[in-house]
Amino acid sequence: MKMNKLITMLFILVAMLGLNSCEDSIQDLVTENAATGGQVDVQSPLINYVIGEPEGYGIRLKVYQGAVKTEKISVYKSFTDPAQGESNRALLKEIDIPESETSLVDFEVSFFELIEGL
């Protein structure tokens, strides 16, 4: 009988400590003062060459603006060959971002722009 009382008291003590440690508010100390914004999401990360396709290739970027503002994006190009790996990286285009709101940036490049400098 004493063992049952001891187990019951221990259970009640653990339950009281468990309920006492619960809080209504969640404190996230890691990201509490983090600045948001300045993120660029590439909507079209890969461009595939189609033989005989003289038209340009469309590229779309989504620019998220927040406390950190993106003013300019530098777009680089490279070529990946399964046998030889990735080629050097070359600057394709620099784009000014005048808007202070989240926006989509669309532009086109030709095949000759893509191969130039690689």
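Values in this document were obtained by computation on a predicted structure and should not be read as measured data.
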Visitor: Identify which one of Leu91, Ile95, Val40 satisfies the side chain to side chain contact (heavy atoms under 4.5 Å, CB included) criterion when paired with Val75.
Guide: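 The option that passes is Ile95.
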Visitor: Should Leu92 and Tyr76 be regarded as members of a common hydrophobic cluster, given that ILVMFWY residues are connected when their side-chain heavy atoms come within less than 4.5 Å of each other, either directly or indirectly?
Guide: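 In one cluster with Leu92: Tyr76, no.
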Visitor: If we only count heavy atoms from C-beta on, is the Glu108 to Tyr57 side-chain gap below 4.5 Å?
Guide: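 Glu108 does not reach Tyr57 side chain to side chain.
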Visitor: Check the pair Thr102, Lys62 against side-chain contact (heavy atoms from CB on, under 4.5 Å), reporting the backbone distance first and the verdict last.
Guide: CA-CA 7 Å; Thr102 298; Lys62 187 170 189 177; 4.1 Å; yes
Visitor: Go through it in stages, so that I can follow the logic: the residues are Asp96 and Lys72, the test is side-chain contact (heavy atoms from CB on, under 4.5 Å), and I'd like the CA-CA distance, side-chain angles, deciding distance and then a yes or no.
Guide: CA-CA 4 Å; Asp96 291 322; Lys72 183 181 285 192; 3.1 Å; yes
Visitor: Compare all side-chain heavy atoms of Val63 with those of Gln65 and state whether any distance is below 4.5 angstrom.
Guide: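 Val63 reaches Gln65 side chain to side chain.
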Visitor: Taking atom types as modelled, find out whether Asp41 and Gln39 have a side-chain donor-acceptor pair closer than 3.5 angstrom.
Guide: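 No pair is found: no donor N or O on one side chain lies under 3.5 Å from an acceptor on the other.
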Visitor: Please walk me through it: do Arg89 and Lys77 pass side-chain contact (heavy atoms from CB on, under 4.5 Å)?
Guide: CA-CA 6 Å; Arg89 290 178 178 237; Lys77 60 185 175 178; over 6 Å; no
Visitor: Do Glu113 side-chain atoms and Ser110 backbone N/O form a donor-acceptor pair below 3.5 Å?
Guide: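 Present.
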Visitor: Taking atom CD of Glu94 as the centre, report whether more than 12 heavy atoms of other residues, nucleotides or ligands fall under 6.0 Å from it.
Guide: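 Yes, enclosed.
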Visitor: Report the distance from atom CD1 of Ile12 to atom CD1 of Ile7, rounding to the nearest 0.5 Å.
Guide: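 So the CD1 of Ile12 and the CD1 of Ile7 are separated by 12.5 Å.
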Visitor: Apply side-chain contact (heavy atoms from CB on, under 4.5 Å) to the pair Val105 and Ile97, showing each step before the final yes or no.
Guide: CA-CA 8 Å; Val105 176; Ile97 308 297; 3.7 Å; yes
